[in-house]
Amino acid sequence: VMRIGSLIPKSNIFRFENYWVDHADFINTVALHWNNSPVYANASKNLSSKLKHVRAGLRKWSNNFSKLSKLIYNCNWVLLLMDGLEEQRQLSNLEKAFKRLVKGHLASLLESKRIYWKQRNTVRWVKFGDENSSFFHTMATIAHKRNFIFSLTKPDGTVVTEHEQKANLLWESYKQRLGICEFSNIHYDLSTLLTEHNLDHLDTEFSQTEIEAVIKSLPNNHAPGPDGFNGLFIKKSWDIIKGDFLRFFRDFYHQNTDLKSVNSSIITLIPKKNNPETIDDYRPISLLNYTLKCITKLLSARLQSVILQ
């Protein structure tokens, strides 16, 4: 009998957990660290600093309730004790109220655990209620293990398994690809293929309505960048962080900010097929900070209105 454990190792890199937003103290924690962080003249550095302080605050705050399985076990143990007591005698009004509180807390913990595992897997054909089953946990674990590159095969057939060997092989391969230019001359007239449009509206300043529409359209569960935050955090905390983000968008338009503080990304490799072996079996993608992703979404939304014509 083969058994697949449902345990995903906890990463040292900060990753925002979606179930945090349902906690009563979440908004207060974000507001406390956001408003008490230093203010910088450079809007990009200002946002980067505030997100750093919120990241540290949320990491410390989440330690109080991050062990969901242990908390669920404790609640079940208390309910089992109360049920045993109820079999012996009638519970008092205070004991009944306490039992209802524990049941409510247990339901909240189970919902948090469901969101935790759902964030780690994208099985879309499960029925309602199946997300917190052992099958779903196992599928999430399998998906996590699939993200790990155990070995790579060189062009000469040699298999490398050591981390440094794999890193050097990937570095050399993509450095060669990015350094090759195979441009050929254009043999057709672009003016005969393109239609002229009035593009003056593309150069106007971002309005608050336009910005908030883009923020609302951000996906909740897309993979985060180096800052560790996702679209759900931006949406839920928008009333707190809105002023600094609007300042960032305004300064970006007027070219008054240096993007060095937020212009970083994580390059990750996505397998093109099951059981990848060589470097050609992976597709690299770049995961941006959500601060910069908001800028790219604003620009792409404007371009899309023209491209569709």
Side-chain angles (χ1 to χ4, degrees), residues 14-23 26-27 30-31 34 43-44 46-48 50-52 54-55 58 111 114-126 128 131 143 197-255 257 259 261-268 270 283-309:
F14 174 83
R15 288 292 179 265
F16 182 78
E17 297 289 351
N18 288 347
Y19 71 87
W20 290 349
V21 301
D22 296 325
H23 199 279
F26 169 73
I27 293 297
V30 173
W34 187 272
S44 299
N46 184 62
L47 270 185
S48 178
K50 287 180 176 293
L51 288 172
K52 181 179 179 180
V54 170
R55 186 163 57 242
L58 287 177
E111 175 63 13
R114 184 190 70 83
I115 296 173
Y116 173 89
W117 285 103
K118 186 176 181 180
Q119 190 174 356
R120 281 153 178 76
N121 194 32
T122 54
V123 177
R124 308 191 185 281
W125 42 265
V126 294
F128 179 77
E131 297 95 328
H197 294 275
N198 183 9
L199 304 179
D200 293 339
H201 68 283
L202 294 180
D203 197 31
T204 58
E205 189 169 356
F206 303 122
S207 66
Q208 184 169 339
T209 303
E210 182 182 12
I211 292 172
E212 291 184 347
V214 167
I215 295 299
K216 290 179 180 179
S217 69
L218 290 174
N220 291 341
N221 291 323
H222 276 196
D227 57 8
F229 294 102
N230 58 17
L232 184 62
F233 167 80
I234 303 294
K235 294 177 184 179
K236 293 294 184 179
S237 310
W238 183 243
D239 290 339
I240 301 171
I241 65 180
K242 176 170 64 175
D244 294 285
F245 267 82
L246 293 178
R247 175 195 165 197
F248 170 68
F249 296 139
R250 182 178 63 251
D251 288 2
F252 172 80
Y253 175 81
H254 292 290
Q255 302 181 17
T257 186
L259 297 179
S261 300
V262 297
N263 189 16
S264 59
S265 61
I266 297 175
I267 297 179
T268 186
I270 305 299
R283 175 172 57 90
I285 63 171
S286 180
L287 303 177
L288 300 173
N289 281 325
Y290 253 83
T291 307
L292 199 62
K293 190 175 291 187
C294 292
I295 289 289
T296 61
K297 291 284 287 186
L298 278 170
L299 297 177
S300 62
R302 285 192 175 184
L303 287 175
Q304 191 175 17
S305 63
V306 178
I307 292 174
L308 293 179
Q309 299 176 8

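Annotation: side-chain contact (heavy atoms from CB on, under 4.5 Å) contacts of Lys242 (sequence neighbours excluded): Gln208, Glu212, Trp238, Leu246. For the side-chain contact (heavy atoms from CB on, under 4.5 Å) test, residues two or more places apart in sequence or in another chain that qualify with Thr204 are Arg302. Scanning for side-chain contact (heavy atoms from CB on, under 4.5 Å) contacts around Ile267 gives Pro284, with sequence neighbours left out.
In this structure, the side chains of Phe229 and Leu58 come closer than 4.5 Å at one or more pairs of heavy atoms.
For the 3.5 Å distance criterion, the side chains of Asp244 and Asn46 qualify, holding a donor opposite an acceptor. Between Asn263 and Asn289, the side chains place no donor N or O within less than 3.5 Å of an acceptor N or O (distance only, hydrogens not considered).
Ring geometry for Phe252 versus Phe248: interplanar angle of 30 to 60°, hence tilted.
By the neighbour-count criterion of 12 heavy atoms within 6.0 Å, atom NZ of Lys235 is densely surrounded, having more than that number from other residues, nucleotides or ligands.
Ring-centre distance between Phe16 and Phe233: below the 6.0 Å cut-off.
With Lys297 contributing its side chain and Val214 its backbone, the two residues share no donor-acceptor pair below 3.5 Å.
The two residues Ser237 and Val30 have their closest heavy-atom pair at OG-CG1, 3.9 Å. The two residues Ala43 and Arg247 have their closest heavy-atom pair at N-NH2, 3.8 Å.
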